[in-house]
Each structure stands twice: as C-alpha cells, then as structure tokens.
> 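Okay, here's the structure, questions in a sec.
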Amino acid sequence: MAPLFVFPQNLQALEKDDEEEYQGNSLFVQNAIDIARFRPSELEEFVKGVSFDLSDKELYCIEEQDVFDRVYSLVRGFSSLAPSCKFILAESLRSNLSVLLPNVDSLVRVSQVQDDDETPTLDRVTSYRNAFKIYSFFLLHIILTEESYTGSSNNAKVIASSRKKQPVNSWNWESQRGRMLNLIANSLEINLSLLFGSADPDENYLSFIVKNTFSMFEKATLLKDSETKDALCHIIGACATKYHYTEQSSASIMHLLHKYDFVVTHMADAVAFAEKKYADGTLACSLIREIGRTNPKSYVKDTAGAENIGRFLVELADRLPKLVSTNIGLLIPHFGGESYKIRNALVGVLGKLVAKAFKDVEGEVSAKSIRLQTKQAMLEILLERCRDVSAYTRSRVLQVWAELCEEHSVSIGLWNEVASVAAGRLEDKSAIVRKSALNLLIMMLQHNPFGPQLRIASFQATLEQYKKKLNELEPVKLTEGMMDGVPSDNDSINGEGEVDNGNAEEVTNYQPESLTDSLTHTEQEIASKDSSVPDVGNVEQTRALVASLEAGLKFSECIAATMPTLLQLMASSSATDVENTILLLMRCRQFQIDGAEACLRKMLPLVFSQDKSIYEAVENAFVTIYIRKSPVETAKNLLNLAIDSNVGDQAALEFIVGALVSKGDISSIAISALWDFFCFNVNGTTAEQCRGALAIICMAAKSSSAILGSHLQDIIDIGFGRWAKVDPLLARTACIAIQRLSNEDKKKLVLSNGSRIFGILESLITGFGLPDNIWYAAADKAIDAVYILHPTPETLAADLVKKSLSSVFDDTRGDALQNDIASGNSIVLSTIQVVKLSRYLFVASHVAMNQLAYIESCVRKIQKQKGNKGKVDSEGTENAETQKDNGINAELGLAASEDAVLDTLAERAEKEIVSGSYSEKNLIGECAPFLISNTTGLCNACLMSIHDYRCQILLLFTVVENAPSEIVRSNCTIALGDLAVRFPNLLEPWTENMYARLKDPSVSVRKNAVLVLSHLILNDMMKVKGYINEMAVRVEDKDERISNLAKLFFHELSKKGSNPIYNLLPDILGKLSTQDLQKVSFCNIMQFLIGSIKKDKQMESLVEKLCNRFSGLSFTEKGVKKLIESFKTYEHALSEDSVMDHFRNIINKGKKFAKPELKVCIEEFEEKLNKFHMEKKEQEVTARNAEIHRQKVGNMEGFVMAGNNGEESTESDIAEGVSDSEVINTSVEVQTESSNDESTSKLVEPEESSGACSEVTEQEEETEIQSQRDNKKGASRSRVKKSNMKDVKVTLSATTQRVTRLRKKVEE
C-alpha cells in the first residue's frame, strides 16, 4: 500500500526530506526534476510521457512515487511551460479526477458485496483517497499558479478577447479555469464520508480548499467570469454547510466583506446558494448573528466596512427574505447606532422583507397572524425612520417606500399615512430628502389604487352617493340579522374608516376594479344628473368601497395641499428640486389633481434659467403637455396658453416657442393650424382665440420671420378690422406682427398697402375707438410700427403729435391756443379733458423716445457704411488717385472732422426733439409746461436730453418722495432706473435717494425699487454703495414677493466675481445693528447672508472680521484659531448670556473635529471665556448696585438739606415725611395717609431695589428708627409730630454724618 498523502501548507512542503518524519507514512517528493534544463522539444516529450502514464495506468497511479515526482516537477514549473504543454498536463489531471469521482459510488457497491474480505476494499479506498487528494491539490495549485502569472503579466484581457479564434486543443485559460473549479466543486458532492472514513473530510483538505477559494474571491477580474464565480460559490456553500465548516467560513466572509466592496454581491450569492442547495440556512444565520453581535460603534470608524456590510444584508434579504425575517431581531438594535450607513441598510432590508417575506398566505391562522404582526411592526419602523437624524437615512426610507409602492406592497389603510409623511418631507432642509419625497409622490400617483382620475369633486360626489347606498342597505341587513338571531358585522370598519385586518384582503382584492368603475360611472352620473349608483354587492362590499373612497378622497386632498410647497420648490436653487417638482406636477396633471394645471404654468419663467438641466426639464415638460400629434390640438393648446398668460409668462412663452420652432418640435403643420384659427377657418373660433393664435405666430416669427409673409393681407384685414372691436387687444397683437415681418415683406407691405396701413396706425393712435385700459398698450406698439415701417417716420410722427394735441383743445382757437400754452394759462389747463391730455402726453413722450432711438440707429448706419468703405479701401480696390486723396485728408485731419460733424448733427437732432426756447419750439418744446407737471412725461424728457432738464432732477426726486399717489411714486422709481442707465454719472450723487425707495410704505413702490436696484447692480450699472443694508432689510419684508426678490438679488450677487457679499457683510452688519430691527429679523437676515459664503478662506477671514456675531458661521480649525486670537475684540460682550451661548455652541462644534493639540487649546479657551463671563457679570452687578445706592444717597441728602431749613412749615413737612418713613419701616403698625403716598414710595423704591452694598445702611437706619418707635408705641400721629420734633432734628443730624461717611466710601 502506498504512503498516505497529507495536504501540505504549500507546494514546496512536499520537498521536505526528513525521512524520519515522512518515511513510511506520508507521500512526499523524493526525486524532483528541474524542467528548466530541458529543451522545448525534450520538455514536450516529457509532458506527453507523463500524460500517457496518467491515461494508460490506473486512476490512482498518481500515488506511485515515479509518477508523483514527475507530475510534481511539472506542476512546480507550470508557469514556464508552453501553452500546449499546459493544456496537456491540466487536461490529463482534470480528466483523471473526473473519471475518479463516479468510481467512488461503484466502490461503495463493491464494498457492500465483498463483506467477507475487507482488506482489498480498504486498500482501494486508501488509494482512491490518495488519488482524490493528489489530483485536487495539483489542480488547485495549477489554478493559483496560472492566476498569479496572468495577473502579473496583465494579459488576461488579451486571452479573453482572442478566445473564439483559438483552436479547441489550444490553451484557453478562462475556460480551463472554470472547468477545473467546477470539477473541484462537484467533487464535494460525492460520498466523501467513505473515502475519509467519517462524516467530515480531512481537516487539512477542507482548510486547503476553503483558504484558496477565499483567496480567489479577492480578485475582481476572476469573479467577472460567471462560470468561475458559480464554482467558487458552490465550493464555499458545500464546505460551510454540508461539511460543517461554518465558523471558519463566516470569519473569512466577514473579513472579505470589510475589505473588498466588489465581493458583496458574490458572497450573497454564495450564502443563498448554500441555503437553497442544501436547505440549510446555518451559514446565513451565522453571518447575521455575527453582524448583529458587532458593536455599533465599530461601524462609525470603519465606514467602508459598514457600507459593504449594509449592502450584503440588503442582497441577502433580497435572496433569502424568509430566513432574514426570522433573524431580523438580531439586527434591529443597530437602528440605535451612530452609523447612518448601517441604518440605511437596515431600512433597505425591511423594505425587501415587507415586499417578499410575507407573500405566502398558506399555513395556520396563528402563524399567519404572527406574520402580519411582524410585517406591521416593520412598516411602523419604516415610518418612524422617516424622522431619522441623518438626511441620508431619511432619503433612503423614502426610496424604500417608493419601491414598496411600485411593488404594490402598501395597503390602502397605510397609503395616506405614507403620502402625508412624503408631503411633509417636501420641506426637509436636505435636497436629497426632498428629491426622494418628490419621487415617492410620483410613484404613489403612478401606482395609486384609487383610479386614473383623482379630482376631489368626483370623489366627493361618488362617496356621497355610496354613503346613501350604504345607509339604505344597513337597516335591511340589521333586520335580517335580528330575525335570524345573528348580530350584524359592524367590526369590519373602524372609527377612522380604515379597513381592519380581518377584511383587508377582501378590500384589497375587490377595491381597485370596483373603485375605478365607480369613478367612471360617477362622471356619467354628474353629466346626466342621475342619482342612481351601480350595485357593488352586499353590505360588506359596499362598506369596503366607502372606506376606499374615503381613503382616495383623503389622498387627493393630501396631494392637492402640496401645491403651494411645490411652487416654492420650483424657485429652489437646487436643480434637482426643480426637475423633480416639474415631473411631479406633470404626473399630478395626468391624474387631474386640483391646482396642478395652474402650478405648471408657473414653470414657464424657468426657461430663462442659466442651469441647462432646468431649461431642458421645462422644455421637455412643455413638449409633453402642450405639443400633441394632432396639429389642431397643438395649436389650440398654445393659443389658450397665450390668452391666459401674463406679461412675464408671455416673455417665457415667446422664448420657448422660438426654441421649439427652431428645433422643429412645432411643425409647419401646427403653424398652418394656427393660421386657420386666426383666419376663422375653424368652426367656433372666437376673437380671443384669434388673438391668441396671432400671438403664438408672432412668437414663432422671431425665429423664422418668413412665417408672417404668406398672410400679410389677413393680418391687416382681421387684425385691424371689425374683430378688433370685439377684442381690442387684437389690434395691438397685429402691430407686433407687422414689426416682425422680414425686410422683404416690410418693403412689400409699404409698396402695396403703405397708405392704408399708415392710415390705420394713425387712426389707432389719434382716434378714440379703443378703451382707455387697452389704448396705451396698442398705441405704444403702433408708434413702434410706424418707426419700423415708414421710410421717413419723423414726418408722420410729427403729424401724429399735432393731431393728438389738437384733439385736446378746441381747434377753433387758433393762435390764441399756442399763446395760452406758452404762457401756462391756468384756464386752459383747467378746462381740458384729463383723458385727452393724458393720451397726448403719452403720444408725445413715446414719439420722442422712438425718435431718439431712430436718430441713434441712423448714426450707427452711417458709421457702419463708413467702416465698410474703409475696409474695402484697405483691400486695395481703390485707385491710386483715391489713395492719394485719402492720404491728404488724413494729414489735414479731415477724417476726424467728419466724425465730429456727425456727432454734432446727432446732438443737434436730439436737441431738436426737446428744444423749448422761444425761437425753436419743436416736438417736446411745444408741451414743456405739461411735461413738467406730468411725472412720466418729465422722466421721458429727462431721458431725451438731461442737459435741458438738469434742473428738474431735484423736482423728480421730490415727487418720488412726497407724491401722495403710490402709482406716481412707483412709475418715477422705474423712470429713475432708466435715467441711471443712460446718465449714471449724473445720478450717482442721488444714490442714497434711490435706495430710500426701499423704505416706502407702499408695497408696489418697494417691489419696483428692489427690481430696479437689482437690475442696475447686477448689470454693473450702479456700484454697490454703502446703502446696501437697506436691500438686506428687504429680505425680511412683510410682503413675501419682495422678500423673495431680495433673496434672489443676493443669490445672484454672490455669483459675481469672488462674491461681493463677503466684502459687504461687515458694513451690512454694522449698519443693521444700528437700525430698529427685531432680534429674529436681524438673525434671519445675517444667517441668510452668511449662508451665501461658501469658500473656506472667506469664512475663516469672516471669523476675524465678525467676532460680534457667530450664530450662522461654520468654523474650521483655522477659524477657531482666528477666534482665539481675536479675543480682545469681543471680551467686552462676554457678560451677555446670549453671546456666551453662541460661544459654547462654537466650542462644542470645535471639539468634534479638533486634533489633540487644538483640543487642549479649545479647553483652555473655554475656561478663559467662563472666567471672563463671570467677572463681567460680577462687575455689572456691582456697578448696578453702586448706581442704585448712589441714587439712594442723593435722595437722603436732599432729605437732610430740607431738614436743615429753619422755617416752621418746612420742619413740619420734614417731620411728617420722617414719620411716614417710620410707619413704612415698622411694618404696618401705623397706616400712612393717602396724601403722603408719593413721598413714601420715593423713599421705599430705592430701598427695595438696592443690592448688597446698601444692606448695611438699611440695617443702621432700621436700628435707629426702631429705637424711636419703641418710645412712641401707642401714640397718635399728631402727638408724635409735636412731642418728638427735637428728637427728629437730632436724628437727622446723626443721619447726615452717617450718609456723608458712606458717600465717601462709595466714591473711594
């Protein structure tokens, strides 16, 4: 019999030559061959010889010494073998072991037959065991050697990529590795107890297999091969479960989980495989126990390990939900740990268990009840975790609830509670929690069990009808029950209308279909006014449906109540908030939630966002909601949107429509459908729809002006025709359409219908066909159209102004009218109509503004032509004579003089607009008296030529401050912004006055002031002066709109350069501290401003600058050092308890991140602060007591001075006062009279409020007065006055001396 093979620690251990130890009882290498000395041909022959022996001889020939030595030599030098030799050797060993395994079963049968002669059988078993171990050992060593070789040479990818090109008998390591490992895994499934003589295999064998298997798990590339990974999982599962190698395997798995993140999923697969293959969850339970037994604090330090362990638990719960549910109690205590990653994982585990562990409804009633109670407990934990201290855990819980809703694992009774929690989390301070809450609400809407339409009115109508139906059925049921002697079942619904566990299954199975059907029927009933409802069954089913309808109504109301919060989230600075809010609103619109449509329209201004993701979200939502496959539907949606939009929404709509037209999302067919609506080609089209269609077409024309060219005549006929009288705004929209014509279409229009179109525009401006509230907007666009279309607009504009002026006065007055206007005749001004005068002033000022813009455009054209000419000349196209002339002109300075002439002409043209001298009365000059008396006209005049109206600036600021009308002040505020843009240097001294509008009592004035100043500052038209604190105060404005605008201003200001708020903050703080602000408002303003500073260096510098206020600062290590160094700057404020509270908070935060050296400094700093705080408090108390005592001494001195007076009346009064004081100090023995109450209170008050320093004085005084009281007990008041006057004088003299001594002590 051959020696036994003992598994060595490594391959080299087989070469030990201690014959005394191994001879006769162990197989080891006796004659190792150095294959490195073989030539390639010789080595190949050697390998083939070994392979021939292995295949030709018995399977257990491997235990023969010669064969064993040769195989060992080849395995030892396996990495140096040629690929063909590797293949031959590995295939020979693998095939022999694969043939050996089935023979073990036959060996069992042979042993059962040959019971008489056991010796041959034992020998065969020993040989089989030796061969089995040797083959397994060599194959595993080949795998380890080749893996280390391929890993070091980094050629695994090359081999994998060329797998298909290699022949079958070539060396393809990936496939060979998988086959070898699968063979070893299968070898563990045979009856090894016969080979090893016990239930468990040899300890060395299992140890070697398990150790090397786990070492392979450390290679991520190896686990990517599914065949290899499955084999390794099989080996671990078999060893740990079948052969009871659980404890060691658990320890190895935990080690790998803590160390490598890529093994998490594969280890979960291995554990799940062991449980399913052998129906034994010992390994899984052991791991759960080990995790539960771990100290929660250890996971705080090992964050990577905590994350891996958490992922492993979630994967395990997903694969083995029932097993984990029975052991979940071991993990629940970790909810109290500090590691949020473990809590996140446990939340995920509970979600998996709720979704998968309780689907089996079979079993006994008691077991089913226990499972339901366990599930309910898990759901309660999930609800409780929604208020976890960690934002990551709160977010993860909401994600788990979304997964449960998607898998329909949330009951109707719990649905509204989850919805309420999600709605509350929309206001969470963490963006990731808000995102998860929004996604949860989206998922709840998508998978809600109440139907496709969630209108509150529909639910209320349906619920009311089914309640009546239930009331009709219940008396019948009750009567039947009483007749049968059986009480009716009233316990299926609790007091809140929720379904109890007894009927939960019935309601869940019945409700969704019936509820959806009932909603459909309800809509038909509302339309037909029919009160009948479909019969849904018996009383129990009707009651269940009523409960479901109540739950559905509550859910609809909960979602509808979130609309104000969603509007706030759309203005959030977080892009994820905006994107997910838009998605939720789209889902709400799909399910017809009340208020969703109105909220979605609020998203239109977000197209101007600089964040690309927000713009894309708005654009996608717009396309999804309003762009349909049917062009008519698309056109109708767009025109209705234009009709209902305000000015801001129309600007946003114009932007997005232009973008969609450029992309082709709004097709030409949709534009044709809009023209059909405009031309009334669609039945039922109204004038309002006609205007909306033209407005959308104008928006589209901004991107493609050719759109308007095909319907020029329709625009004139319809836009200015009879339909303009039905909808007056149609004329204004037609004026916009004319302005947006292409240049060719403009020329075509002027040539064909010039006189008509200009006549229409003139009648629109000077006529009275439009209402006053619409005329101004229409006239504005009409004047713009005149200056865009007319070849010489100044001539037509002059006629417009003259006609408008003549319409104000009686035309028959002739020249007298002009003289009255020039002299400012009050009779003329008092007899005209205000409406006509207002229109005239509007026309004059807007014509002047357009004329100014027209002059500037003409100047730019001339300069452009001159520049083009110079460019052509520089290219050498001019002849020599022209070049010579240009050179002479340049030398003489004629070119510069041409520019000067151009500037002079432009300046004169501008002056002609506003000239008001007697010799040159032009456009504005004709109505100068009116303009000065009209604020808007005055502003426009100043914009035209500030030089002529410089003296009126003071008047303008006086008006904006003192005008009683808030409309006038509001308009002047806007006009001042325009003046600041055009003449910034002239308005610079008036900056303080412009900031003063932020304190105006009118909401509209303050709002316009915020808008104007924001525009000027953010566009660098006004420097941020020292009055920015007024803008900061608006952050806490009572009007929410103004507050939001101020916050938006500072948010945008923080993005400019290196954050100007950082430099402005000390100045703002200093000025805010001097203003009459409430403490809460002051703290809110400073917290908001400090929150806009993100850079650590700036924050550290602020610590040094803002040592008087710390509530909002987040301190770094450097910041704490700065704070300690700046102690002198704030020590005077340490007596305040609120200041000390802030310092204590900073110290507590600093101790958390501080290093040991800094921590010692912080503790010393804390002691120093406490010491100074106590000293300052004592000093304040002492100073306060001294002041009180000083006041008391002053009162006593006055008292003594009065006592030294020799007049009798004075003495009487003094004695009376002394007696009063005696009465007070003797504790109600004698009552004072009402006439002496005032003098008594003046003496008593300082005594009551005095501190420790006055106690001695009080005792001395009481002693003396008490001695007097003893002599006068029982006497009347008048008798005391007369008989003791002399004693009083003596007492006063002694008191005076004592007071003098005390005063000297106090002064010292």
Side-chain angles (χ1 to χ4, degrees), residues 2-3 5-17 22 26-100 127 130-153 155 159 166 168-181 183-184 187 208-209 212 216:
F5 179 78
V6 179
F7 262 87
Q9 294 296 325
N10 50 54
L11 187 67
Q12 286 72 22
L14 291 175
E15 296 184 17
K16 289 184 178 181
D17 55 356
Y22 289 94
S26 297
L27 183 63
F28 69 98
V29 177
Q30 296 181 358
N31 186 20
I33 302 171
D34 184 11
I35 63 174
R37 61 185 176 84
F38 289 151
R39 289 180 298 183
S41 59
E42 293 175 347
L43 182 59
E44 185 175 358
E45 289 296 327
F46 182 77
V47 172
K48 288 181 179 180
V50 173
S51 175
F52 177 79
D53 289 341
L54 290 175
S55 60
D56 187 57
K57 296 181 179 181
E58 294 288 341
L59 292 174
Y60 43 84
C61 69
I62 190 71
E63 66 178 350
E64 295 178 4
Q65 189 67 51
D66 178 57
V67 177
F68 181 79
D69 290 347
R70 287 185 292 160
V71 172
Y72 168 81
S73 301
L74 290 173
V75 172
R76 185 181 62 177
F78 189 81
S79 59
S80 63
L81 295 178
S84 59
C85 295
K86 289 181 179 180
F87 177 79
I88 294 171
L89 178 61
E91 189 63 23
S92 298
L93 294 173
R94 191 197 63 78
S95 60
N96 276 20
L97 179 60
S98 63
V99 175
L100 179 67
S127 298
N130 271 352
F132 174 80
K133 292 197 291 185
I134 293 171
Y135 284 131
S136 300
F137 176 77
F138 282 149
L139 283 175
L140 266 176
H141 196 275
I142 287 174
I143 294 171
L144 295 174
T145 302
E146 191 65 13
E147 277 301 314
S148 62
Y149 172 73
T150 54
S152 61
S153 60
N155 61 353
I159 296 173
Q166 294 179 349
V168 178
N169 61 349
S170 63
W171 180 247
N172 184 352
W173 170 236
E174 265 195 38
S175 61
Q176 289 291 338
R177 180 186 59 201
R179 294 169 67 187
M180 290 181 187
L181 287 173
L183 180 61
I184 295 172
S187 69
F208 184 80
I209 295 291
N212 290 291
M216 292 186 214

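In this text, all values refer to a predicted model and were calculated from it rather than measured experimentally.
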> Quick one: CG on N96 to CG on L183, what's the gap to the nearest 0.5 Å?
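CG of L183 is found 10.5 Å from CG of N96.
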> Check the angle between the aromatic planes of F68 and Y72 and answer parallel, tilted or perpendicular using the 30° and 60° thresholds.
parallel
> Give me the atom names and distance for the closest heavy-atom approach of I33 to F46.
CD1-CZ, 3.7 Å
> Which value, rounded to the nearest 0.5 Å, describes the distance between D69 atom CG and F28 atom CZ?
9.0 Å
> Do Q176 and I142 come close enough that some side-chain heavy atom pair is under 4.5 Å?
no
> On a heavy-atom basis, which atom in I35 and which in S80 lie closest, and how many Å separate them?
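Minimum heavy-atom separation between I35 and S80: CD1-OG, 4.1 Å.
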> Considering only heavy atoms from C-beta outward, does the side chain of R76 approach that of V29 to under 4.5 Å?
no
> Please report the interatomic distance NE2(H141) to OG(S136), rounded to the nearest 0.5 Å.
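Result: 14.5 Å between the selected atoms.
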> Just wondering, do F132 and I62 contact through their side chains at under 4.5 Å, heavy atoms?
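Sidechains of F132 and I62: no contact.
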> With side-chain contact (heavy atoms from CB on, under 4.5 Å) as the test, pick out the partner of S92 among L74, L54, V50.
L54
> Can you tell me how far the CG atom of L27 sits from the NZ atom of K133, to the nearest 0.5 Å?
10.0 Å
> Which atom pair, heavy atoms only, marks the closest approach of K86 to E146?
NZ-OE1, 3.3 Å
> Is there side-chain contact between E147 and M216, with at least one heavy-atom pair below 4.5 Å?
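The answer is no; the side chains never approach within 4.5 Å.
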> Please name the pair of heavy atoms, one in S55 and one in F52, separated by the smallest distance, quoted to 0.1 Å.
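So the minimum-distance heavy-atom pair works out to OG-O, 3.0 Å.
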> Less than 4.5 Å apart, any side-chain heavy atom of D53 and any of R70?
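They are in contact (side-chain heavy atoms under 4.5 Å apart), so the answer is yes.
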> Got L93 and V71 here, is their nearest side-chain heavy-atom distance under 4.5 Å?
yes
> Supply the atom-to-atom distance E174 CD to R179 CZ, rounded to the nearest 0.5 angstrom.
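So the gap between those two atoms works out to 14.0 Å.
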> If you apply the rule side-chain contact (heavy atoms from CB on, under 4.5 Å), what do you find for I143 with W173, and how did you get there?
CA-CA 9 Å; I143 294 171; W173 170 236; 4.0 Å; yes
> Spell out, as yes or no, whether a donor-acceptor pair under 3.5 Å connects the side chain of S51 to the backbone of V47.
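Judged by distance alone, no pair lies under 3.5 Å.
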> Do L144 and F78 have side chains that get closer than 4.5 Å, going by heavy atoms?
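The answer is no; the side chains never approach within 4.5 Å.
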> Any chance you could measure L89, atom CG, to K48, atom NZ, to the nearest 0.5 Å?
14.0 Å
